[in-house]
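Here the structure is laid out as structure tokens; the discussion comes afterwards.
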Amino acid sequence: MKQALSPCFHCGADIPPGGLVEERSGDTTVGFCCRGCHGAYLLISGAGLADFYRRREWQESGLAPQAFQGGYHDSYLARFVYPADSGSAIDIIIDGIRCASCVWLNEKIIASLPGVLDARVNYATGRARVIFDPELTSPAAIFTRIDRVGYAPRPYTESAAKEVNRREQKDLLYRFGTAIFLTMQLMAYSFALYAGYFQGIDAVMKGYLQLFSLLVTTPVVFYCGWPFLSGAWRAMVNRAPSMELLISIGALSSYAYSVYATFAGGEVYFETAAMIVTLILAGRLLENAAKRQAAGGVERLLGLCPQQAQRFCGDDLERVDPAELRPGDLILVSPGERFPADGRIEEGSTDIDESAATGEALPLFKRAGDAVIAGSSNLTGAVRVRCEREVSDSFIARVARLVEEAQSRRAPIQGVADRVSAFFVPTVLVTSLATFCWHYLAGTPFGESLMIALAVVVIACPCALGLATPTAILAGTGAAASMGVIFKGGDILERLSRVRVAVFDKTGTLTCGRPILFDIQAEPEITPREMIAIAASVERGSLHPLAKAIRDYADAHGIVHPAGTELKAVPGGGVTGRVNGEEVALGSVSFMERLGVAGVPRAGEPADGRMAVCVARQGRYCGTLILKDRMRDDAPCLASYFNRSGVLTLLLTGDLQGSAEKVAAAAGIGMGIGGLSPADKAAQINRLRREGATVLMVGDGINDAPALSAADVGCAVAGGTDIAIETSDLVLAKPDLVRLQKAHLIALRTMAVVKQNLVWAFLYNAIGIPLAMTGRLTPVYAAAAMALSSVCVVGNSLRLMRRTCD
Amino acid sequence: MTSSLIALMFLSLFLGFGCWLVFLWAVRKGEFSDIERPKHRMLEEDEPDKPKDKGAGG
């Protein structure tokens, strides 16, 4: 009878009465719901893969399927539907998409709904576009279907700014693609002309080749290059010389001269003009993609807030746009919904998952009087919440604003580049003009003088100079990416190489953020194994990380724990249930006292991040389980690496000062400061930066977001929230801190290569420009020299790809 | 010689133009808007389309 109560060992479904199939293995008996599951079990265990049953994890975090009880209404969803080529379309944000399988599952289940014509889920954004026939199905049916498999769908509308951004990106892609095709054509003609220059060429053929070159170059310069031609024009009007101006002058002057040469006779330099435009467009495209990715984090953050709220209007409920909520409004938040605004619970109690907002992994129990944060997820009970702030002013909106501000501020390196160009551009132009005047006045014919002056512009065209940094950084980031370190931009590499202070967050960064069972204190009347067994049994259904830790321990030690019955979770306290007919309770000391359990020791809360779970059987205390968040194995290794390379290390945490010092000492970190709020952490970092130090911040949750943004380099270790990953500059693909050491090494090497490249490029300009001024360098040689110089620079950069960093 | 070279140049220009049109079509269709998903898509296994099966059998 007892066996029949446990679910099927293979599929986990309840075993129907009379359907039980049993299998004896050793001293245990396992039950199955049908012959099929039994057969599958025999197949798996027969192949020596029985481990599967221990490794697989039935528990899902967060919401249970169909947790959202509000229902979906066509009247509300209708305004998000827009007409498509065939039928109607709706954009849906699907909350809960984690991996490619989620995408696959959602696409399949939506597409299998009758009336749905097409369903595509974007992996990167977690958004679905569903095209459906309004005659056959409705948005509510689609939403209900997604909800039924355990994802939370929400309607999505694109903001005007996003749409403009997307159109710009598409426009740039058109221009770049066009430039690539035309430049490829052009290079064929140019190579023929190069060969003709050295070996001789039929004059008619040369004329044709030049005409064809003119034909393909014109759209490259004037259509593809339009964004920076207009930029250069603005720079001229504002009298602020920029690199755009130099690029435009380089492209336009070589184009103009080539047009002149095509008709007047002489050599053409169309490829110079086209290459400049194409390469610069490629750079822009990459830059935009990086920017968009960064903006995606903020968008996702704000996307967590629901797009509707249930407000009390007297005793009735009305559905309103969260933007209409005012401080003082009373709203109802059902389990499965996210809170629309910051507020305080007025009635009811529930467990709340705040991981999206604060990075806190454990669900928090909150009751009347406790504050709730917009965007966090209500897990267990319906609550009435009194709004305290408007939606636009909520914690999440403020964090999003902070991150946006930090991202929009200009990188210091850009200022330097602009200052150099402000000086470099006019100098080159004046030099070129002076060269022209000098030669022309000295009696050189006009065309020849112009060629000499152009040689100066061509050789000074900051090609090698322009390539010196980006290619090295591209190679460096490429090498880093293959090692699982993702840099969000070249300036990050540069800043990382200059880091003087490394700041660490504690939970989830130096520690795993997942508690493990650490110590078992059993009373004499019970064995530790027995205690674990009953504890794991009553924790069977719980999603709480502490419950998972206990179950993991039981599984790892082969302790059999049959499912308990009459399981009841008391939010914020513990669990009660029946195991083998005996009453079992599990929870905090205060929970035990509330239950009137006898013999609970009056010990204080255990220190430094340890958590105690008391176990009672039949109303009698029988022991305590101590759980602890473990430090990552590689944390001391990383700290000692930084200490060796002369980088100061510092630990900032919200925990108590004593705990901060203890963890810092254990990891070998120079200093630990505790009791800091997220804003305090950012302030600490700003103070360090004011003192002139370049600061690296290593964090995890979103409560680090201000600190990650404030630091010169913010690094989120994986396993953190999506938002933290997207807002930080440096992402480690696997939560292994040694990668950070590799990232630092790569950054140092890349910057060394950048310096070599810059020295080379400057040397080349320093020799080339005077040579061109004397007229000993015709533009063809200047262009060839420029190409050679670029090849040297690129080749030097590519060395970074081959060097492995071990 | 010259005329055949010019013909070849026109031909290459023509081919390039064709590729360019394909590119424009691809951007318009949104082929580049999600570059993460397709690489996973190829690993998915779908049941073969039923009509196709029938055709092969009949």
Side-chain angles (χ1 to χ4, degrees), chain A residues 85 97 99-108 111 120-129 166-167 169-189 192 196 201-213 215-216 219 224 285 289 292-293 296, chain B:
Chain A
D85 293 343
I97 284 197
C99 63
S101 311
C102 297
V103 174
W104 174 83
L105 179 64
N106 275 292
E107 280 187 354
K108 293 291 163 202
R120 279 294 166 97
V121 180
N122 188 313
Y123 182 73
T125 56
R127 278 203 303 266
R129 169 162 300 176
R166 198 167 49 89
R167 218 177 296 143
Q169 179 72 5
K170 218 168 193 177
D171 180 66
L172 203 59
L173 198 59
Y174 278 130
R175 288 182 204 272
F176 174 68
T178 310
I180 283 278
F181 281 114
L182 292 173
T183 308
M184 278 187 330
Q185 297 283 334
L186 176 66
M187 285 323 275
Y189 309 141
I201 188 169
D202 176 38
V204 178
M205 195 64 228
K206 185 175 170 184
Y208 275 117
L209 282 170
Q210 290 183 343
L211 265 181
F212 269 93
S213 303
L215 187 70
V216 295
C224 306
L285 207 62
R292 220 160 24 128
Q293 204 172 5
Chain B
M1 170 72 176
T2 308
S3 60
S4 61
L5 277 177
I6 288 167
L8 280 175
M9 277 154 69
F10 269 113
L11 187 67
S12 78
L13 208 58
F14 183 71
L15 283 176
F17 183 70
C19 291
W20 182 63
L21 286 183
V22 171
F23 167 76
L24 290 190
W25 169 81
V27 176
R28 190 165 302 232
K29 269 214 53 186
E31 289 292 322
F32 300 104
S33 61
D34 182 10
I35 50 177
E36 195 65 22
R37 169 83 175 119
K39 66 186 182 198
H40 297 287
R41 197 186 289 277
M42 71 176 184
L43 295 174
E44 290 166 5
E45 230 173 299
D46 276 332
E47 312 89 66
D49 290 342
K50 272 168 201 153
K52 231 185 246 170
D53 275 354
K54 258 183 213 161

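Labels below follow one simple rule: chain letters A, B, ... track the order of the sequence lines, proteins then strands, and each chain is numbered from 1.
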Can you tell which part of A:Phe212 gets under 4.5 Å to a heavy atom of chain B, answering side chain, backbone, both or neither?
side chain
Approximate separation, where rounding is to 0.5 Å, of A:Met184 CE and B:Cys19 SG:
7.0 Å
With only heavy atoms counted, which part of A:Val216 is less than 4.5 Å from chain B, the side chain, the backbone, both or neither?
side chain
List the atom of B:Arg28, the atom of A:Lys170, and the distance in Å for their closest heavy-atom pair.
O-NZ, 3.8 Å
Could you list which of residues 174-182 of chain A have a heavy atom closer than 4.5 Å to any heavy atom of chain B, in residue-number order?
A:Tyr174, A:Gly177, A:Thr178, A:Phe181
Take A:Leu209 and B:Leu5, measure what side-chain contact (heavy atoms from CB on, under 4.5 Å) needs, and give me the verdict at the end.
CA-CA 10 Å; A:Leu209 282 170; B:Leu5 277 177; over 6 Å; no
